[in-house]
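This is a predicted model, so every value here is computed, not measured. These values consider heavy atoms only, across backbone and side chains, with no hydrogens, waters or symmetry-generated copies.
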Amino acid sequence: MLTLHADSRGHAHLVNGERIEAVGPLEDLSAAHPHARVRVWPGILTPGLVNLHGNELLEETYHPDPREADTLGTEPLTGDALAALALDDARWGASARRGVQRMLAHGTVAAACEPLRNRAVRDAVHRTGLAVRGRLGRPAGTPSLDPLAGGLLPEFAPAREPGSAACFAVFDVRDEGELTGRGAGTCVATVVGGRLVFRRR
């Protein structure tokens with residue numbers, strides 16, 4: 001099914017399966033494809049963010065299950081708090097899935113990682129569809145689920161064009177300057193591989 005994703009500025013992506021079929025003004029694309037499903041989002045369409053701290057957030061952080069909130073809280077655990085946990089592969093895999101979901105909720109479509117050493121984490125991340133990009137060494141800045149809050153310049157995925165993977169994010173802001181100021185918590189939708197994997201309700 002063809003789906004048109006458009007933002008408040010009238011910019012649109014036409015998605016066909018896992019790929020971008022066309023990009024351009026919503027008015028032009030909807031006229032050319034009158035039977036496409038149309039989703040109009042508040043804010044701006046972007047290619048989505050790259051989180052440079054993939055290893056730190058997925059292999060060196062535990063993301064508690066909501067059922068563990070009474071004992072572990074709800075915030076990600078690192079350092080001594082992480083070391084105090086006896087995590088088996090099942091818990092590491094579940095943590096990675098929750099971590100990816102939180103990254104998607106911040107408009108992240110790719111994580112920069114050195115090779116993931118934990119097989120349970122690696123398999124869980126692969127199944128989510130989140131893109132993994134290589135990196136050399138540890139980046140500066142503070143690891144954060146919000147890539148705009150880590151003290152580094154924001155890095156976006158490559159611009160979407162016909163034939164590219166249907167991966168992008170929408171942020172409820174007026175422009176890129178407001179996005180930088182308010183952060184990635186303004187994400188209202190994230191699409192990965194043509195699938196709407198996050199939608200703020």
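- Taking Asp89 as the reference, nothing meets the salt bridge (charged side-chain N to carboxylate O under 4.0 Å, His left out) condition, with sequence neighbours excluded.
- Looking at Cys113 and Arg133, their side chains never come closer than 4.5 Å, going by heavy atoms from C-beta outward.
- Leu58 and Tyr62 fall within a single hydrophobic cluster, where Ile, Leu, Val, Met, Phe, Trp and Tyr side chains are chained together by heavy-atom contacts under 4.5 Å.
- With a 4.5 Å cut-off on side-chain heavy atoms, Leu49 and Leu148 count as touching.
- Sorted by first then second residue, the side-chain hydrogen bond (donor to acceptor under 3.5 Å, both in side chains) pairs that include residues 182-194, not counting sequence neighbours, are Glu178-Arg182.
- A heavy-atom distance below 4.5 Å is not found between the side chains of Arg37 and Leu2.
- In the displayed structure, Arg200 atom CZ is contacted under 6.0 Å by more than 12 heavy atoms of other residues, nucleotides or ligands.
- Panel note: side chain His63, backbone Leu57; a donor-acceptor pair is recorded below 3.5 Å.
- Just one residue in the list Leu145, Thr78, Leu77, Asn55 forms a side chain to side chain contact (heavy atoms under 4.5 Å, CB included) with Thr61, and that residue is Thr78.
- Between Leu72 and Leu85, some side-chain heavy-atom pair lies under the 4.5 Å cut-off.
- Two residues are said to be in side-chain contact when any heavy atoms from C-beta on lie closer than 4.5 Å; His126 and Asp123 fail this criterion.
- Residues Ala140 and His53 share a closest heavy-atom pair of O-NE2, 3.0 Å.
- Residues Val197 and Phe156 fall into different hydrophobic clusters, defined by Ile, Leu, Val, Met, Phe, Trp and Tyr side chains chained together at heavy-atom separations under 4.5 Å.
- With a 4.5 Å cut-off on side-chain heavy atoms, Val173 and Ile44 count as touching.
- The CZ atom of Arg102 lies 14.0 Å from the CG atom of Asp146; values are rounded to the nearest 0.5 Å.
- For Arg199, the salt bridge (charged side-chain N to carboxylate O under 4.0 Å, His left out) criterion is met by no residue, not counting sequence neighbours.
- Within a 6.0 Å sphere centred on CZ of Arg174, other residues, nucleotides and ligands contribute 12 heavy atoms or fewer.
- A single hydrophobic cluster is seen to contain both Val192 and Met103, as judged by linkage of ILVMFWY side chains at heavy-atom distances under 4.5 Å, directly or through other members.
- Among residue pairs with one or both ends in residues 149-173, none qualify as side-chain hydrogen bond (donor to acceptor under 3.5 Å, both in side chains); sequence neighbours excluded.
- The distance from atom CD of Glu21 to atom CG of Leu4, rounded to the nearest 0.5 Å, is 9.5 Å.
- Aromatic ring pairs are classed by plane angle as parallel below 30°, tilted from 30° to 60° and perpendicular above 60°; the pair Phe168 and His5 is perpendicular.
- Nearest heavy atoms, Val121 versus Ala96: CG1-CB, 4.0 Å.
- Heavy atoms of other residues, nucleotides or ligands lying less than 6.0 angstrom from CG of Asp80 number 12 at most.
- The two residues Ala12 and Pro25 come nearest to each other via the heavy atoms CB-C, 4.4 Å.
- Atoms CG and CH2, from Asp7 and Trp41 in turn, are 12.0 Å apart once rounded to the nearest 0.5 Å.
- Using a 4.0 Å cut-off between a side-chain N of Lys or Arg and a carboxylate O of Asp or Glu, Arg9 and Glu27 do not qualify as a salt bridge.
- When all heavy atoms of Thr128 and Val100 are compared, the pair lying nearest together is OG1-CG1, 3.5 Å.
- Nearest approach of Cys187 to His106, heavy atoms of both residues: CB-C, 4.0 Å.
- Residues satisfying the salt bridge (charged side-chain N to carboxylate O under 4.0 Å, His left out) criterion with Glu114, sequence neighbours excluded, are Arg135.
- Here the side chains of Pro64 and Thr74 are not in contact, with every heavy-atom distance at 4.5 Å or above.
- Distance OG1/Thr46 to NE2/His11: 12.5 Å, rounded to 0.5 Å.
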Go through Thr108 and Val50 one step at a time and tell me if the side chain to side chain contact (heavy atoms under 4.5 Å, CB included) criterion holds.
CA-CA 6 Å; Thr108 294; Val50 178; over 6 Å; no
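- Annotation: the span from Leu104 atom CG to Leu196 atom CG amounts to 10.5 Å, rounded to 0.5 Å.
- Placement of Val109 and Phe171 in two distinct hydrophobic clusters is found when ILVMFWY residues are connected by side-chain heavy-atom separations under 4.5 Å, directly or transitively.
- The closest side-chain heavy-atom distance from Leu14 to His33 is below 4.5 Å.
- Closest approach of Ser144 to Asn51, counting heavy atoms only: O-ND2, 2.9 Å.
- Under the 4.5 Å side-chain heavy-atom criterion for Ile, Leu, Val, Met, Phe, Trp and Tyr, Val40 and Leu29 are members of the same hydrophobic cluster.
- Atom-to-atom distance recorded for Leu116:CG and Arg122:CZ is 7.0 Å, nearest 0.5 angstrom.
- With sequence neighbours excluded, the residues satisfying salt bridge (charged side-chain N to carboxylate O under 4.0 Å, His left out) with Glu59 are Arg117.
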